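What follows is a single structure, written as structure tokens, with notes after it.
These numbers come from the heavy atoms of this one structure, side chains and all, not from hydrogens, waters or symmetry mates. Residue numbers count from 1 along this sequence. Because the structure is a prediction, the values reported are computed rather than measured.
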Amino acid sequence: MHDNYGILAVMKFYITTAIPYVNAKPHLGFALELIQADVIARYHRQKGEDVFFLTGTDENAFKNLLAAREQNIEVRKLIDQNAQSFKELREVLDLSWDDFIRTTEERHVKGTQKFWLACQKDIYKKKYSGIYCNGCEEFKMEKGLVMDHCPEHPNKPLERVEEENYFFRLSAYQQQIEALLESGTLKIIPETRRNEVLSFVKQGLEDFSVSRSRQRAPDIGIPVPGDDKQTVYVWFDALINYITALGYAENSEKFKKYWQENKNITHVIGKGVSRFHAVYWPAMLLSAGLNLPQQIFVHGYITVEGKKISKSLGNIVDPSELIAKYGNLGRELLRYYLLREIPAYEDGDFNMAKLEDRYNGDLANGLGNLVARVATLGEKLGEINFDLEHDFELKTKEQVAATYADYNKELDNFKFNDALAVLWRLISWADKYINDTQPWAVKDKNELKKIILNASYAIYAVAFLLVPFLPETAKKIKEQISFSDKILVIKKGDNLFPRLN
């Protein structure tokens, strides 16, 4: 029942996150991005699509080198330690990625150098002097600064850099990038982010540096082909991970399948890197003669109790530590809070009091209480035989069908919080159905079975649609309320969400 979406043709779907720097352990902001991408990956798998989900770590950044110097340890040791912390998020957050790429891996090094050569007609060398933000790993234009500071990293000093670097001829792709964005061939969600990027493009694209001198960053970076005094600039190298992980270096079948022959490529990124993904990356791919992504979802930032996450403020939330605090409930609780409380398209705030309020209100008193009520009454009835055509009330079937339609609409637009709101409407409807029918007072066994059957039908639909969001909870619900071969079996289990004290 409702275990497929009726799709016959198997579609390919490739989804990626941005790859974070490893100058520090992961924080809540990247946990949000990973969880959002995981929901979309699981959602498309449930639709029967052939999904490949990629994440990884950016290990060639200058800020990784600076962090190692500050801590007085070898840069490779720091990179390895922190990369491992990111890999461990798979278990910590219950993620389902298919591959994890580190940009120090040989497959990435070879692929990056191959890509460089594929773009060689648009790469040239010149002397350059500019203002550089180590936080963004980017040269800044004067007009983009706020009070002579980078708007993304206002507390970090900017650096004047003068050196001879290789540049990529971004200006040559002005019209093509503009056309891709205006036509929607490259779709950016939400519309406000598309408008921001398009406004930037229309100001006129300038060529950007794609290398740095080996002298400035001696211990990191991929050598430029044919020039061992230069290393590939971190953003040029990092973006290429989306294809090197698929085997671009050797032109593998996986690369052909999920990139070159695929019209469902989606990048999930934070708003601070939208320009790199929506402008630089498409231009690079056009230069190399490769397929383009079709969709970029841009999420906002997380603040902590109203303040931007910052080491200096001491408000960095470690997702592993937060989850450990709540034991077995931790993973599902954090996933639910970030997906429900943080607006899909805007910045959102993390607050411990709100976290626990969401748990007690939505999970313990809402979903958990509903499942417990139905399971307690239903277990006593034993196996319930049913006929899909006749034993379910029209209002139940209509409510479930409307939930599926609204849920799909919201998730197709990356509106995670709204999709969950749709599910909770069905939970509220099922609660009201139980209250209105009062099964505990019904004497007729057949009538009681019909009530439990209808309530269970709604709960089972909730469990199925909950799989992308709370996979562990969905599994537990299906173990308690199980439909198969025209038989409903209910077995009361442990309380899904014991109240927090």
Side-chain angles (χ1 to χ4, degrees), residues 1-7 39 42-43 45-48 94 96 328-329 331-332 335-336 362-404 407-408 419-420 422-434 437 439-440 442 445-498:
M1 291 177 57
H2 297 290
D3 278 353
N4 64 71
Y5 283 72
I7 294 176
V39 170
R42 290 178 186 269
Y43 169 62
R45 289 191 193 107
Q46 276 202 298
K47 294 204 293 183
D94 196 7
S96 63
N328 294 333
L329 301 171
R331 289 197 306 190
E332 300 287 271
R335 284 179 70 105
Y336 181 76
D362 294 2
L363 299 177
N365 295 341
L367 177 60
N369 184 54
L370 173 64
V371 173
R373 294 173 78 190
V374 174
T376 299
L377 291 164
E379 187 177 44
K380 301 171 184 177
L381 298 173
E383 293 185 355
I384 301 176
N385 294 295
F386 67 89
D387 180 87
L388 187 61
E389 188 69 28
H390 302 102
D391 291 336
F392 295 97
E393 297 178 42
L394 179 61
K395 64 181 179 181
T396 306
K397 290 192 281 189
E398 287 179 343
Q399 192 70 33
V400 169
T403 299
Y404 270 73
Y407 169 95
N408 289 340
L420 282 171
V422 168
L423 276 187
W424 255 254
R425 287 205 301 267
L426 182 57
I427 291 167
S428 296
W429 180 90
D431 248 334
K432 185 176 184 302
Y433 177 83
I434 292 292
T437 55
W440 54 86
V442 173
K445 193 171 183 179
N446 287 330
E447 181 63 22
L448 178 58
K449 283 184 176 180
K450 185 175 181 180
I451 293 170
I452 296 302
L453 192 61
N454 277 269
S456 297
Y457 183 78
I459 291 172
Y460 193 82
V462 168
F464 176 70
L465 297 178
L466 204 58
V467 168
F469 292 90
L470 304 180
E472 194 174 330
T473 299
K475 181 181 178 183
K476 288 178 180 178
I477 295 173
K478 289 182 178 182
E479 287 170 352
Q480 292 190 49
I481 298 174
S482 173
F483 283 93
S484 61
D485 299 323
K486 297 187 177 182
I487 296 173
L488 167 62
V489 178
I490 299 178
K491 296 179 181 178
K492 190 175 184 301
D494 295 334
N495 190 353
L496 289 175
F497 300 106

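- Side-chain contact between Pro439 and Glu447: absent, with no pair of heavy atoms (C-beta onward) separated by less than 4.5 Å.
- The CG atom of Asp391 sits 11.5 Å away from atom OG1 of Thr396, with the distance rounded to the nearest 0.5 Å.
- Tyr336 pairs by the ring-ring contact (aromatic ring centres under 6.0 Å, His included) definition with Trp424, not counting sequence neighbours.
- Minimum heavy-atom separation, Leu377 to Leu381: O-CG, 3.9 Å.
- Atom CG of Asp387 is surrounded by more than 12 heavy atoms from other residues, nucleotides or ligands within 6.0 Å.
- Rounding to the nearest 0.5 Å places CG of Asn328 at 10.5 Å from CG of Asp494.
- Here the side chain of Arg335 pairs a donor or acceptor atom with the backbone of Phe469 at under 3.5 angstrom.
- Using a 4.0 Å cut-off between charged nitrogen and carboxylate oxygen, Asp431 and Arg373 count as a salt-bridge pair.
- Atoms CD1 and CD1, from Ile481 and Ile459 in turn, are 4.0 Å apart once rounded to the nearest 0.5 Å.
- Residues that satisfy the salt bridge (charged side-chain N to carboxylate O under 4.0 Å, His left out) test with Glu393, not counting sequence neighbours, are Lys395.
- For the residue pair Glu472 and Asp94, the shortest heavy atom distance occurs at N-OD2, 4.3 Å.
- A pairwise comparison of heavy atoms in Leu466 and Ile477 identifies CD2-CD1, 4.4 Å as the closest pair.
- A tilted orientation is assigned to the rings of Phe392 and Tyr457, their planes being inclined by 30° to 60°.
- Contact record, Val442 with Leu448: CG1-N, 3.9 Å, taken as the closest heavy-atom pair.
- Between the NZ atom in Lys397 and the CG atom in Leu388 there is a gap of 6.0 Å [rounded to 0.5 Å].
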Trace of the side-chain contact (heavy atoms from CB on, under 4.5 Å) decision for Val462 with Leu370: CA-CA 11 Å; Val462 168; Leu370 173 64; 6.0 Å; no
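- Minimum heavy-atom separation, Val374 to Ser456: CG1-OG, 3.6 Å.
- Rounding to the nearest 0.5 angstrom, the gap separating the CG atom in Leu488 from the OH atom in Tyr460 is 10.0 Å.
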Check the pair Leu363, Leu470 against side-chain contact (heavy atoms from CB on, under 4.5 Å), reporting the backbone distance first and the verdict last. CA-CA 11 Å; Leu363 299 177; Leu470 304 180; 4.2 Å; yes
Checking side-chain contact (heavy atoms from CB on, under 4.5 Å) for the pair Leu420/Asp362: CA distance, chi angles, key distance, verdict? CA-CA 10 Å; Leu420 282 171; Asp362 294 2; over 6 Å; no
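- Counting heavy atoms from C-beta outward, Ser484 and Val489 have side chains that stay 4.5 Å or more apart.
- Not counting sequence neighbours, the partners of Lys432 by the salt bridge (charged side-chain N to carboxylate O under 4.0 Å, His left out) test are Asp436.
- Residues Ala463 and Lys478 come closest through the heavy atom pair CB-CG, 4.1 Å.
- The NZ atom of Lys449 sits 14.5 Å away from the CG atom of Asn454 when rounded to the nearest 0.5 Å.
- Looking at Gln399, its side chain never comes within 3.5 Å of a backbone N or O of Trp429 through a donor-acceptor pair.
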